[in-house]
Number of protein chains: 2
Amino acid sequence: MIGDRWSLLIVRDAFDGVRRFGEFQRGLGVSKGILSTRLRELVARGVLETEPVSDESAYQDYVLTAKGRDLFPLIVALRQWGEDHCFGPAERHSALVENETGEPVGRLEVRSKSGRKLTPSETTVHKLSAQRRAAGRRGK
Amino acid sequence: MIGDRWSLLIVRDAFDGVRRFGEFQRGLGVSKGILSTRLRELVARGVLETEPVSDESAYQDYVLTAKGRDLFPLIVALRQWGEDHCFGPAERHSALVENETGEPVGRLEVRSKSGRKLTPSETTVHKLSAQRRAAGRRGK
DNA sequence: CCGTATCCATTCCGATACTG
DNA sequence: CAGTATCGGAATGGATACGG
């Protein structure tokens with residue numbers, strides 16, 4: 001659904017307030033043809049929607065839907081992982097900060113409903129209805 | 001780095017305890033050639049590492065490194081988004097639960113360092129060193 | 001059981017030219 | 001500015017056959 005080279009980058013820029021075709025295009029350095037296709041797919045899949053720009057324009061803006069906004073934790077998770085492991089301190093270009101305080105947002109953590117932090121090995125995927133995938137030994 | 005069709009699925013299965021080549025192959029239904037390439041890339045990129053299996057085997061296991069384990073929030077974020085928006089209640093196959101209680105893990109949330117939940121519009125990407133991308137109007 | 005090698009189809013992408 | 005059309009090349013993936 002978002003597993004190509006550009007879709008998630010488009011969504012990320014949308015979170016950053018990018019709305020116009022050319023803005024995505026210049027910001028990402030993607031060719032116009034691909035961008036056109038990706039925007040159309042994201043709209044078709046309900047991640048973005050087109051919105052008539054205020055008064056009189058022949059064109060529209062592309063804005064996140066509720067479904068698209070729900071990708072926020074995913075985008076933040078990917079950003080934090082990239083900052084931690086894919087860039088040295090030298091080439092770190094940006095940080096996600098809280099508007100009010102200007103402080104970087106906290107680290108994403110998987111927690112139980114009671115609020116305890118969970119490590120991967122403290123969780124298990126529980127099958128609801130055995131389907132095709134062999135119920136091979138999983139978890140520990 | 002993980003932007004192809006299979007890498008993240010391999011990582012997900014690794015979190016679920018999958019370690020062997022054939023186990024990945026049957027579980028995902030991926031062709032052996034692609035799986036071989038992807039595993040080699042993930043090892044080269046430091047997400048997985050090979051580990052000699054206990055006693056006497058010609059082969060190795062593929063296990064997550066620390067870098068790979070740090071993808072846990074990302075995997076959970078993607079899983080939750082998929083459950084919320086890509087499957088109806090009917091075709092929901094599995095749930096990530098806490099081992100001790102059997103209860104589903106809590107929802108991932110972006111929080112400030114002080115613990116307050118943050119919406120996308122309450123955050124801004126702060127540029128550390130202006131680089132190539134036009135400092136176009138961002139955030140609100 | 002664990003891969004590699006080969007072949008082929010599909011998808012993805014970038015560059016360019018064109019329309020309104 | 002906002003796209004569409006076309007082309008060629010690269011990446012991706014599936015199937016199959018083969019070897020340790």
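Letters A, B, ... are given to chains in the order of the sequence lines, protein chains preceding strands, and every chain is numbered from 1. Worth saying up front: this structure is predicted, and the values here are computed from it rather than measured.
- For Trp6(A), the listed nucleotide lying nearest its side chain is dG14(C); candidates were dG14(C), dC2(C), dC12(C).
- Counting non-hydrogen atoms under 4.0 angstrom, Phe24(A) reaches nothing in the nucleic acid.
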Enumerate the protein-to-nucleotides 15-20 of chain C contacts in which both atoms are nitrogen or oxygen and the separation is below 3.5 Å.
{"unit_1": "dG20(C)", "atom_1": "N2", "unit_2": "Tyr59(A)", "atom_2": "OH", "d": "2.5"}

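- Taking only side-chain nitrogens and oxygens, Arg20(B) never comes nearer than 4.0 Å to OP1 or OP2 of dG3(C).
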Practice task
Tell me, with the steps shown, if Gln80(B) and Val105(B) meet side-chain contact (heavy atoms from CB on, under 4.5 Å).
Solution key: CA-CA 10 Å; Gln80(B) 291 186 346; Val105(B) 305; 4.0 Å; yes
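- Atom pair Arg40(A):CZ and dC13(C):C1' shows a separation of 15 Å (rounding to whole Å applied).
- With a 4.5 Å cut-off on side-chain heavy atoms, Thr124(A) and Leu96(B) do not count as touching.
- You can see that DNA chain D meets the heavy atoms of chain A within a 4.0 Å-exclusive cut from dC1(D) to dT4(D), reading 5' to 3'.
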Practice task
Kindly indicate, with the supporting measurements, whether the criterion side-chain contact (heavy atoms from CB on, under 4.5 Å) is fulfilled by Arg79(B) and Val125(A).
Solution key: CA-CA 11 Å; Arg79(B) 179 186 291 273; Val125(A) 174; 3.4 Å; yes
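- dG14(C) atom P lies 10 Å from atom CG of Leu28(A), rounded to whole Å.
- Taking atom CD1 of residue Ile34(B) and atom P of nucleotide dC2(C), one finds them 19 Å apart after rounding to whole Å.
- Salt bridge Glu51(B)/Arg19(B): present, at least one basic N to carboxylate O contact under 4.0 Å.
- Residues Trp6(B) and Leu8(B) share a single hydrophobic cluster, defined by chaining ILVMFWY side chains whose heavy atoms lie under 4.5 Å apart.
- Atom-to-atom, CD of Gln25(B) to P of dC1(C) comes out at 11 Å; the value is rounded to the nearest Å.
- Side-chain contact between Val47(A) and Leu71(A) is present, with at least one heavy-atom pair separated by less than 4.5 Å.
- For the pair Gln60(A)/Phe21(A), no side-chain contact is recorded, criterion being any heavy-atom separation below 4.5 Å from C-beta on.
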Problem - Working for side-chain contact (heavy atoms from CB on, under 4.5 Å), residues Ser36(A) and Arg40(A) - result: CA-CA 6 Å; Ser36(A) 175; Arg40(A) 198 177 326 131; 3.1 Å; yes
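- Note: Tyr62(B) and Phe24(B) have perpendicular aromatic rings, judged against thresholds of 30 and 60 degrees for the angle between ring planes.
- Residues Val30(B) and Ser36(A) both approach DNA chain D. Their nearest nucleotides, taken by heavy-atom distance, put Ser36(A) toward the 5′ side.
- Annotated stems with DNA chain C as a participant read C:3-20 with D:1-18, given as range with range, by first number; only runs of 3 or more Watson-Crick or G-U pairs under 3.5 Å qualify.
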Practice task
Evaluate the criterion side-chain contact (heavy atoms from CB on, under 4.5 Å) for residue pair Val53(B) and Tyr59(B); output intermediate values, then yes/no.
Solution key: CA-CA 7 Å; Val53(B) 64; Tyr59(B) 316 117; 5.7 Å; no
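- With respect to Arg111(B) and Glu109(A), no salt bridge is recorded, no charged nitrogen being found less than 4.0 Å from a carboxylate O.
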